[in-house]
Trainee: 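Below you'll find the structure I mean.
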Amino acid sequence: MSAALPLPLSRKTGLNWPLAAARPNAIALTAVVIGLLSLQWPFVVLHPNRVAPDGDELTVFGLGGMWAALIVSGWLLQALAVWLARGRVRAPALALSLAWAASASYAALTWGAVALSGDQEWARVAIAGGAWGTLAAVYIGAFALYAEAPRWLALPVLALAALAFAAPYQHLGVVMEYQMAADVFRDELLQHLLLVAVSLPPAMLLGAAIGLLAARKRALESVLLGAAGLLQTIPSIALFGLLLPIVGLGAKPAILAMVLYGLWPVVVNTHTGLGAVPPAMLDAARGVGMSAWQMFWRVELPLAAPFFVEGVRGAMLMLIGLATVAVLINAGGLGYFLLRGTEQAVPDLVLLGSLPVVALAFAADAVMRLLAWRLAPKGRVA
Amino acid sequence: ASGDAIVIGSKIDTEGALLCPLVGLTLKAHGIKVIEKCGTGATQVVRKALLAGEIDVYPEYTGNAPYLIKNVRFTPGTFRDAASGHAAGAAADLAQNGIVWLKPAPANVTYGFAMPAKLAAAQGITSLTQLAAYINAGKPFKVVVSQEFVDRADGLKAFEHAYGFKLAPSQLIILPGGNTAQTESAAARGTSGANAAMAYSTDGQLAAMGLVGLNDTGAAADIYQPLLTIRSEALKKYPAIPAIIEPVFATLDTATLSRLNARIVVGGEPGTKVAEKYLREKGFLK
Amino acid sequence: MTRSRIEAALALLCWPALWLVYRQEDWWRAVLAPLAGPDQPVLYERIQLLDAAQSHVLIVLTAMAFVVVLGVPLAILATRTAGKPLLPLIANTATIGQTLPPIAVLFLVTPVVGFGPQAMMFALFTYGLMPTVQATLTGWREIDADVRRAAEGMGMGPWRQLLTVELPLALPGMLAGIRTSLILSVATASLAPITGGVSLGTPIVSGLAVDNASQVMEGALAVALLALCSDYSMRVLQRRLTPWRA
Amino acid sequence: MISLRNIEKQYDGVQALRHVNLDIADGELVVLIGPSGCGKSTLLRTVNRMTEPSAGQIIIDGRNALESDPVLLRRSIGYVIQNVGLFPHMTVRENVAVVPQLLGWDKAKRLRRADEMLELVRLDPERFGSRYPGLLSGGQQQRVGIARALAADPAVLLMDEPFSAVDPITREQLQEELLRIQRDVRKTILFVTHDIDEAIRLGDKICLMRDGAVVQYADPDTMLRQPADAFVAQFFGQEPALRRLARHSVADFVRTDAASLAAAAKALNEGAASVTLTTGARTALSKLLDGQPLLPVVDHAGAVAGLVALADLTLAQTPAAASHVNRVLAA
Amino acid sequence: MISLRNIEKQYDGVQALRHVNLDIADGELVVLIGPSGCGKSTLLRTVNRMTEPSAGQIIIDGRNALESDPVLLRRSIGYVIQNVGLFPHMTVRENVAVVPQLLGWDKAKRLRRADEMLELVRLDPERFGSRYPGLLSGGQQQRVGIARALAADPAVLLMDEPFSAVDPITREQLQEELLRIQRDVRKTILFVTHDIDEAIRLGDKICLMRDGAVVQYADPDTMLRQPADAFVAQFFGQEPALRRLARHSVADFVRTDAASLAAAAKALNEGAASVTLTTGARTALSKLLDGQPLLPVVDHAGAVAGLVALADLTLAQTPAAASHVNRVLAA
Ligand SMILES: Nc1ncnc2c1ncn2[C@@H]1O[C@H](COP(=O)(O)OP(=O)(O)OP(=O)(O)O)[C@@H](O)[C@H]1O
Ligand SMILES: Nc1ncnc2c1ncn2[C@@H]1O[C@H](COP(=O)(O)OP(=O)(O)OP(=O)(O)O)[C@@H](O)[C@H]1O
Ligand SMILES: [Mg+2]
Ligand SMILES: [Mg+2]
């Protein structure tokens with residue numbers, strides 16, 4: 001599980017592309033195509049209640065010609081900007097048209113759809129394929145913009161943030177789910193974070209220790225790496241189940257299992273990191289009279305640190321995802337909503353469970369990459 | 001159980017999410033310290049927790065006794081009758097495990113089948129007898145069921161026996177660990193061609209999903225009355241519990257449970273809120 | 001030489017051996033009996049272990065086929081000069097794919113694709129994409145620039161360069177990533193029964209529902225065996241396909 | 001004949017090549033030399049269009065290289081890259097046969113060719129042909145690299161610091177090998193190095209570059225004798241004449257007058273060490289410096305061919321100079 | 001004074017060192033040279049016990065090194081590793097201060113020391129002190145490596161091919177630097193190289209090894225003049241005398257008799273190029289080879305100090321030999 005390329009570092013990816021050859025046109029145009037195609041699909045679905053299987057499916061045109069016109073013009077402007085805008089106007093034109101398309105879509109989803117729900121007690125608006133497609137288009141468009149003018153990304157982001165603040169959203173199914181279970185949500189989110197926070201440090205320490213041992217003792221290397229890898233192959237639900245009779249219900253077995261799963265990325269990366277310290281460096285360290293301990297602290301550890309952090313990043317992402325399964329043994333976490341949603345057959349509830357997990361993972365990812373970047377040995381630029 | 005608090009558990013399903021806070025809130029209202037571990041796990045898990053003393057009480061169903069109480073041979077048919085079933089189960093559980101059964105609620109939570117209302121109306125099916133005829137006529141039928149329903153003696157087999165039909169494997173979509181909301185949602189959506197689902201008689205979401213329940217006209221199934229099971233040690237500590245809980249359970253008939261379940265599943269309200277509202281409504285809580 | 005022969009033989013033999021082991025339910029019953037409760041069945045009776053295993057393998061292979069067929073070209077595209085701006089997009093999308101809980105994916109796609117193995121295949125696809133894409137990118141990054149230059153200087157066109165030089169040289173990295181994806185998939189495919197698919201997870205999920213430790217163990221053990229076998233085979237394949245890395 | 005006309009190359013901001021003009025005659029080995037970053041590799045790579053010049057013309061055998069298909073062009077030009085750049089996933093034989101394969105030769109023919117080339121660079125095809133390059137020593141890899149470049153019998157060979165990664169002894173062997181091969185196959189070679197001795201030893205002509213421009217383009221002797229400016233003089237160091245001597249053999253200095261022949265015969269009889277006509281002039285110089293007053297020279301057959309003494313080993317153009325010295329010293 | 005007594009080293013199967021005896025006097029720079037794999041690095045590393053000998057004794061200043069704590073021993077011996085081995089995560093200054101820090105010097109003192117050392121190797125501490133090694137050129141890195149080895153003022157310095165990774169021009173500068181530093185600080189240095197010119201230029205003594213055994217241990221002049229066997233002779237190549245000349249300056253050969261002084265003065269007046277007494281003998285030789293019949297020599301102040309001609313530059317031990325040549329030639 002090697003690193004996803006950190007956004008700010010993608011230029012350093014080593015393939016040495018000529019910098020000038022950035023040509024996101026194709027990507028931006030893909031975004032436009034997906035955005036326009038999405039208009040064909042139902043944008044939202046009006047459900048009479050949260051479990052009703054069917055509902056009125058509405059495309060953007062169904063929401064009102066104005067919204068359709070706004071969104072279509074946004075995408076067309078984007079296409080025009082990609083084709084025609086050159087020089088100093090290009091970046092603002094791209095950013096503006098993307099912001100336009102994104103804002104119009106969001107507005108359609110909020111202001112446009114709010115009228116639908118009316119005053120039926122349990123009626124709600126579910127986000128449908130067209131809206132997801134539009135989201136994908138905006139996401140892709142954002143990366144196209146990022147490739148060309150990263151700073152201008154702020155424009156669509158700010159526009160959406162402002163809209164999120166101003167526009168109504170209470171009619172959306174996910175939001176309704178949240179509002180009905182706000183307290184529970186807060187508790188489970190906290191519990192989720194707690195599970196990750198409690199299981200990560202032992203996984204880190206233990207993983208580092210095992211990785212170190214594997215790097216040091218040739219004889220143990222394959223055994224230790226193999227064992228850590230083997231743990232990965234036990235399905236998480238099975239591990240939870242098997243631990244049940246041993247440690248009982250609740251957070252304890254969940255944390256134990258999570259620690260065991262979290263080991264692998266840390267072990268592998270620590271091992272790789274220590275192995276990647278050039279032998280010449282170790283030779284030099286020994287040669288200047290460092291003891292084994294000093295060598296470890298002053299040379300190996302700093303040099304292996306980026307790998308270790310990479311491993312911790314991997315473990316963290318894995319644990320954030322894994323903690324969703326903990327609910328099966330009554331350990332809570334955001335999996336609660338996944339389980340309830342599955343149980344009650346309510347997609348909105350599943351979304352309420354999964355969206356924060358993805359958001360958490362993204363946040364963790366960003367933080368860890370920043371850390372890895374800070375820890376990378378300086379002056380390696382050659 | 002820890003300290004002087006009563007630890008409440010429940011099954012990990014909709015009714016568990018309702019009954020658990022219902023018990024908890026009621027006890028709390030009478031000044032009993034309560035720790036809620038709602039949604040403890042699947043039936044066997046909660047039961048084990050109770051036997052191990054990890055929890056003190058949880059809501060069970062009378063008809064489950066043969067599956068929970070090992071090594072006791074109940075006379076066949078015992079659980080077809082509410083009173084005799086409760087008496088037999090309570091006696092056996094107390095004798096064997098020191099678990100006390102409180103008085104059950106006057107509801108019957110039994111298995112049944114549900115079909116899309118449109119289909120049922122078109123085919124004129126309102127009862128399981130008519131369903132059997134429909135099936136035996138070789139008309140398209142595909143039912144989503146849980147593993148447990150297929151495996152248990154009082155599940156699918158009992159229905160097949162009582163109504164005289166036999167489902168081919170291709171007519172079954174079996175979800176291990178599946179619950180009625182899942183099965184019903186699949187039937188309502190027609191996922192994978194399903195047009196029927198295993199259902200409970202107290203499921204509140206059937207109407208909202210556009211399904212109708214086909215109830216057990218031929219009394220094929222045992223009777224499942226909700227009741228609170230409690231460890232006798234805990235009962236000794238708080239002898240007042242039956243007096244507090246039994247009146248509440250007494251108000252829970254099938255229709256009420258169904259309505260309350262609907263609030264949770266259809267309305268999406270948390271079990272605690274539904275329970276609290278109900279208790280206030282009935283005056284158990286001020 | 002001999003060592004690689006033995007490895008290849010082992011890798012080839014482990015599959016029929018596994019098949020045999022899955023068929024011998026008596027052995028399983030004997031081993032797992034102590035875990036079962038008093039009147040619980042030791043094994044999951046509804047489906048033969050071997051059938052569950054076949055279905056498991058089918059799910060994994062289908063998902064992996066999509067991962068490879070889509071992930072590798074995507075990663076390669078990102079290594080082309082023209083595809084460079086794709087890189088952050090691909091990396092991020094793969095991250096989402098991997099952190100999205102497979103259970104959530106399962107549930108969200110079931111209404112669309114129906115009950116059965118399809119939902120699991122899709123979830124495995126989103127889950128397994130990232131390791132493959134990442135490792136492919138890494139494999140590419142590690143190709144010696146001089147070798148690439150030599151290929152160009154010999155007069156290889158871009159396609160030929162890709163196929164005869166870059167692809168073989170990135171193979172170790174690619175295979176490592178595919179291996180990781182594969183192992184994760186083998187483990188995660190245990191979730192398939194949740195949406196009506198049959199896999200080695202069926203005894204696990206059912207065992208958990210009825211609190212039958214021996215069934216849980218049955219499934220877990222079977223999955224672990226499958227994973228070990230896959231891992232070993234992949235490793236041998238990796239070595240066979242890259243004989244120059246002696 | 002390769003003609004580079006007014007070649008310019010800008011990388012964003014950096015002027016890597018400035019107005020380079022260079023004519024390379026057929027069969028000539030031209031060495032490009034200069035400080036690091038002066039543009040040697042860039043210039044070399046314009047010839048097979050690995051680098052596209054920003055301006056200028058490249059004419060190879062009368063055809064404008066910039067108008068031909070670069071891929072086909074490269075197949076017709078041998079290229080030996082710095083650090084070898086062998087394909088690690090192909091055997092030695094496959095590596096050598098790469099260009100023939102690209103050219104669509106049939107299998108038997110290209111394998112035969114590969115083996116021939118391996119023999120040319122003194123690698124036993126039997127022993128090495130089916131090994132992977134990773135298992136060869138640095139010097140062996142270099143040989144394979146040369147064999148690969150020669151395989152399709154290109155008229156032009158580009159070599160970018162081909163011997164920089166090997167130890168001095170191997171390096172000397174490879175240089176000798178190259179000279180031998182060049183005598184046999186006579187290619188037009190552009191050769192980049194930063195080793196002055198290598199440049200002088202190998203180059204028919206040397207092109208000294210600085211900051212992207214050609215400072216001097218001449219044969220080594222001229223370069224050392226008549227450096228165009230102080231930079232050139234400094235670049236070739238304190239001992240230009242000693243360096244020039246490296247290109248001479250004893251035959252260039254031997255005295256064959258009767259007195260010398262007699263003295264040589266006498267010295268030989270007295271058991272003095274001798275050199276042959278093809279002995280390197282520096283070797284003879286070294287022996288003379290060692291205190292032996294004169295060196296008898298014998299020919300290929302062992303017959304006395306003359307005599308060299310220290311005073312003979314001067315590179316002055318006029319033979320008169322030598323006698324002048326003698327007169328001064330004798331005075 | 002370092003004494004290696006009967007050192008043996010086996011790696012499983014390989015006899016890396018055979019019965020090595022070596023005495024290194026204080027302040028001497030001894031160069032270890034020999035073919036690749038002959039055991040140079042292994043021998044060097046036995047001295048600071050990076051490699052433990054299988055048998056034998058190592059005595060440094062009368063103390064048995066094999067009985068002292070290896071970690072402390074290493075802190076007392078400077079070590080410059082092949083390819084530098086600077087710590088990439090420490091600044092240049094921190095790199096240099098590593099050993100003082102290990103020795104527990106206080107911070108101010110060790111930073112001051114680091115800056116002194118950087119100045120000693122001609123790196124501006126202001127400019128380079130807080131950079132990371134990755135940003136330095138190869139030559140600069142080598143300097144930092146030397147500064148680091150010298151920082152704790154060890155009496156003994158071990159250098160394992162320290163200059164092998166830099167280009168020839170930088171290499172020459174670094175060699176000069178090392179000689180200058182050695183004049184100033186006078187360490188006992190063991191220096192591994194595979195460059196013969198470097199060995200001759202730097203070594204007070206040269207130790208030629210082969211297959212783990214010492215073949216000859218002598219000063220460079222003796223080594224070149226009297227090679228112990230054919231292997232030694234071959235190893236140092238065809239031009240031993242030319243190589244020996246590299247260690248001499250014009251002062252060793254200048255003629256100062258009246259006739260010569262007069263001739264020199266005359267030549268100077270005529271505008272002939274001159275050399276000084278400290279000019280390298282090879283440079284003078286090169287100028288003479290270039291056709292100038294004689295070179296006037298001037299002293300530090302510019303006054304005429306004598307004259308050299310080609311025939312003077314012989315390394316024969318008996319001065320008689322030179323006149324002998326002249327006689328023969330004049331005949
Ligand atoms: N792809 C490139 N992009 C930008 N600048 C480049 C590129 N390639 C070379 N340069 C610059 O062009 C100049 C000449 O580079 P070149 O590689 O031709 O030098 P060189 O003489 O071969 O040096 P060396 O002896 O170090 O190999 C240098 O300043 C270098 O930094
Ligand atoms: N750690 C080791 N294990 C086994 N053999 C070794 C080890 N280190 C060195 N050798 C062997 O010992 C012999 C001497 O090695 P050493 O590194 O001292 O040679 P060297 O003269 O320094 O060579 P070079 O010039 O290539 O650096 C070689 O045959 C080498 O293969
Ligand atoms: Mg170059
Ligand atoms: Mg060495």
Side-chain angles (χ1 to χ4, degrees), chain C residues 1-5 7-8 72 76 79-82 84-85 135-136 138-178 235-246, chain D residues 41 44-51 68-92 94-104 130-136 141 144-145 148-152 154 156-162 164-165:
Chain C
M1 266 294 119
T2 45
R3 189 180 154 198
S4 84
R5 287 256 169 76
E7 280 177 347
V72 171
I76 291 176
T79 61
R80 307 295 93 185
T81 314
K84 188 209 163 186
T136 306
T138 312
W140 239 270
R141 219 171 304 146
E142 277 165 8
I143 298 177
D144 190 351
D146 281 326
V147 171
R148 220 187 281 255
R149 220 168 287 142
E152 197 191 344
M154 297 296 105
M156 292 193 184
W159 277 104
R160 196 186 286 266
Q161 241 183 84
L162 176 68
L163 293 176
T164 61
V165 176
E166 297 182 53
L167 208 58
L169 289 181
L171 207 58
M174 253 161 61
L175 288 176
I178 293 175
R235 240 187 302 173
V236 172
L237 187 70
Q238 222 169 325
R239 232 167 285 161
R240 287 243 116 186
L241 286 181
T242 56
W244 62 91
R245 284 158 57 94
Chain D
S41 299
L44 187 82
R45 290 156 54 93
T46 55
V47 175
N48 68 352
R49 296 183 57 194
M50 300 278 284
T51 302
S68 51
D69 177 358
V71 169
L72 294 180
L73 178 73
R74 286 177 204 141
R75 290 185 193 163
S76 71
I77 295 179
Y79 183 43
V80 183
I81 196 179
Q82 195 167 354
N83 302 323
V84 204
L86 294 182
F87 302 121
H89 61 299
M90 299 182 185
T91 62
V92 165
E94 286 165 353
N95 261 287
V96 176
V98 151
V99 184
Q101 193 185 6
L102 290 174
L103 292 171
S130 48
R131 292 201 196 171
Y132 287 102
L135 299 171
L136 304 186
Q141 293 191 13
V144 178
R148 180 171 68 174
L150 288 172
V156 176
L157 214 56
L158 306 178
M159 309 179 84
D160 195 350
E161 308 203 12
S164 63

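Chain letters run A, B, ... following the sequence lines, proteins first and then strands; every chain starts at 1. Below, each value reflects all heavy atoms present in this structure, side chains not excepted, and no hydrogens, waters or symmetry copies.
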Trainee: Over all heavy atoms of both residues, which pair between C:Ala150 and D:Gly85 is shortest? Give the atoms and the distance, please.
Mentor: CB-O, 3.2 Å
Trainee: Heavy-atom distance under 4.5 Å to chain C: side chain of D:Leu103, backbone, both or neither?
Mentor: neither
Trainee: Chain C heavy atoms under 4.5 Å from D:Tyr79: which part of the residue, side chain, backbone, both or neither?
Mentor: both
Trainee: Kindly give the heavy-atom pair with the smallest separation between C:Gly157 and D:Arg75, and that separation in Å.
Mentor: N-NH2, 4.5 Å
Trainee: Please state whether the side chain, the backbone, both or neither of C:Ala145 comes within less than 4.5 Å of a heavy atom of chain D.
Mentor: neither
Trainee: For chain D, which residues of residues 166-175 of chain C have at least one non-hydrogen atom nearer than 4.5 Å to it?
Mentor: C:Pro168, C:Leu169
Trainee: Is there side-chain contact between C:Glu152 and D:Arg74, with heavy atoms separated by less than 4.5 Å?
Mentor: yes
Trainee: Sort out for me which of C:Val165, C:Thr164, C:Asp144 touches chain D most, counting heavy-atom pairs under 4.5 Å.
Mentor: C:Val165
Trainee: Can you give me the closest heavy-atom contact between C:Pro243 and D:Tyr132, atom names plus distance?
Mentor: CG-OH, 3.3 Å
Trainee: How many angstroms lie between CG in C:Leu241 and NE2 in D:His89, if you round to the nearest 0.5 Å?
Mentor: 12.5 Å
Trainee: Find the distance between CZ (D:Phe87) and CG (C:Asp146) and round it off to the nearest 0.5 Å.
Mentor: 11.0 Å
Trainee: How long is the gap from CG on D:Leu102 to CE on C:Met154, to the nearest 0.5 Å?
Mentor: 9.0 Å
Trainee: Suppose we screen for salt bridge (Lys or Arg N to Asp or Glu O under 4.0 Å). Which residues come up paired with D:Arg49, at least two apart in sequence or across chains?
Mentor: D:Glu52
Trainee: Measure D:Arg131 against the heavy atoms of chain C and call it side chain, backbone, both or neither at under 4.5 Å.
Mentor: neither
Trainee: Could you list the residues that satisfy side chain to side chain contact (heavy atoms under 4.5 Å, CB included) with D:Asp69, not counting sequence neighbours?
Mentor: D:Val71, D:Leu72
Trainee: Suppose we screen for side chain to side chain contact (heavy atoms under 4.5 Å, CB included). Which residues come up paired with D:Thr51, at least two apart in sequence or across chains?
Mentor: D:Lys9, D:Tyr11, D:Thr42, D:Arg45, D:Thr46
